[in-house]
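Owing to the predicted nature of the structure, the values given are computational and were not obtained by experimental measurement.
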Amino acid sequence: MFNAEPTPEQREAARRNRQNAADEQLLQQRYWKHKAEAERLYPRKVGLYEEHHFWPIYLGGPPNGKTYLVPAPYHQFITNAFRSKWPYGSTVPNAADAQRIMREVYSEFPIPQLIGIPDP
């Protein structure tokens, strides 16, 4: 017999999908807001793009690690955020601290490709 009622697992999956969509929308709003502000503050970088190491090398990330092409003004914002959390020239953090720093930075300054905004 066919049961049209969703299972508890299906209900939970649907709830997570709705939450993920809401979270992605919030992150996209943050991205566009910060991108506009970065372009205002760094007008000479507008129209340029830079490679951003997802796990910054100075935080112990591999030199050949995953990178994303991001607008140069926005990349400056990301870099500034990382520097405020862990200044250049400091010792390399342990993996747990590096992951915490990345979570904090990327929750405010998301990588556009990871929140549904296509490559330039």
Side-chain angles (χ1 to χ4, degrees):
M1 180 167 96
F2 176 73
N3 183 356
E5 284 295 312
T7 67
E9 294 81 13
Q10 290 169 325
R11 283 191 185 108
E12 177 58 21
R15 185 198 65 74
R16 281 193 314 270
N17 286 341
R18 286 190 303 275
Q19 184 61 51
N20 289 343
D23 290 345
E24 186 173 272
Q25 185 176 27
L26 175 64
L27 289 171
Q28 287 176 353
Q29 290 170 353
R30 283 185 188 156
Y31 168 75
W32 291 115
K33 177 184 133 207
H34 289 313
K35 180 178 179 284
E37 179 68 6
E39 288 175 349
R40 187 183 69 74
L41 291 174
Y42 304 104
R44 291 184 178 162
K45 291 186 172 205
V46 173
L48 302 175
Y49 291 84
E50 297 173 349
E51 291 285 335
H52 172 71
H53 283 86
F54 183 75
W55 186 338
I57 296 168
Y58 91 105
L59 292 180
N64 62 344
K66 178 69 176 164
T67 62
Y68 292 93
L69 191 63
V70 297
Y74 186 71
H75 186 238
Q76 187 64 58
F77 264 28
I78 295 172
T79 300
N80 294 349
F82 273 109
R83 288 178 181 174
S84 75
K85 303 276 184 195
W86 198 272
Y88 274 178
S90 301
T91 60
V92 174
N94 63 44
D97 283 339
Q99 289 173 2
R100 176 186 51 76
I101 292 164
M102 289 188 291
R103 273 193 307 275
E104 290 173 5
V105 170
Y106 293 136
S107 68
E108 185 62 31
F109 300 96
I111 301 296
Q113 294 89 338
L114 299 180
I115 57 168
I117 297 172
D119 284 333

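- Between the side chain of E108 and the backbone N or O of R30 there is no donor-acceptor pair closer than 3.5 Å.
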When the side chains of residues 88-99 are checked against the rest of the protein, which donor-acceptor pairs come out under 3.5 Å, sequence neighbours left out?
| residue | atom | partner | partner atom | Å |
| --- | --- | --- | --- | --- |
| S90 | OG | P87 | O | 2.9 |
| N94 | OD1 | A96 | N | 3.1 |
| N94 | OD1 | D97 | N | 2.7 |

Could you list the donor-acceptor pairs under 3.5 angstrom formed by side chains in residues 42-50, with sequence neighbours left out?
| residue | atom | partner | partner atom | Å |
| --- | --- | --- | --- | --- |
| Y42 | OH | N80 | ND2 | 3.1 |
| K45 | NZ | Q76 | OE1 | 2.9 |
| E50 | OE1 | H75 | ND1 | 2.6 |

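- Listed by chain and residue number, I101, E104, V105 satisfy the side chain to side chain contact (heavy atoms under 4.5 Å, CB included) test with K85 (two or more places apart in sequence, or in another chain).
- S107 OG to L26 CG: the interatomic distance, rounded to the nearest 0.5 Å, is 9.5 Å.
- Considering only residues two or more places apart in sequence or on other chains, Y106 meets the side-chain hydrogen bond (donor to acceptor under 3.5 Å, both in side chains) condition with H52.
- The distance from atom OH of Y31 to atom CD of E24, rounded to the nearest 0.5 Å, is 13.5 Å.
- Contacts of Q29 classified as side-chain hydrogen bond (donor to acceptor under 3.5 Å, both in side chains), with partners at least two apart in sequence or in another chain: none.
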Got a list of side-chain donor-acceptor pairs under 3.5 Å for residues 53-65, not counting sequence neighbours?
| residue | atom | partner | partner atom | Å |
| --- | --- | --- | --- | --- |
| H53 | NE2 | P63 | O | 3.1 |
| W55 | NE1 | L59 | O | 3.1 |
| Y58 | OH | F82 | O | 3.0 |
| Y58 | OH | W86 | O | 2.7 |

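- Across all non-hydrogen atoms, the minimal contact from F77 to H34 is CE2-O, 3.6 Å.
- Both I117 and Y74 belong to a common hydrophobic cluster when Ile, Leu, Val, Met, Phe, Trp and Tyr are linked at side-chain heavy-atom distances under 4.5 angstrom.
- Within the 4.5 Å cutoff, the side chain of P112 has heavy atoms near those of the V70 side chain.
- A donor-acceptor pair is defined here as one N or O able to donate and one able to accept, closer than 3.5 Å; such a pair exists between the side chain of Q28 and the backbone of I115.
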Q.
Apply side chain to side chain contact (heavy atoms under 4.5 Å, CB included) to residues K33 and E37 and explain how you reach the verdict.
A. CA-CA 6 Å; K33 177 184 133 207; E37 179 68 6; 5.8 Å; no
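- Clustering ILVMFWY residues whenever any of their side-chain heavy atoms sit less than 4.5 angstrom apart, transitively, puts W32 in the very cluster that holds L114.
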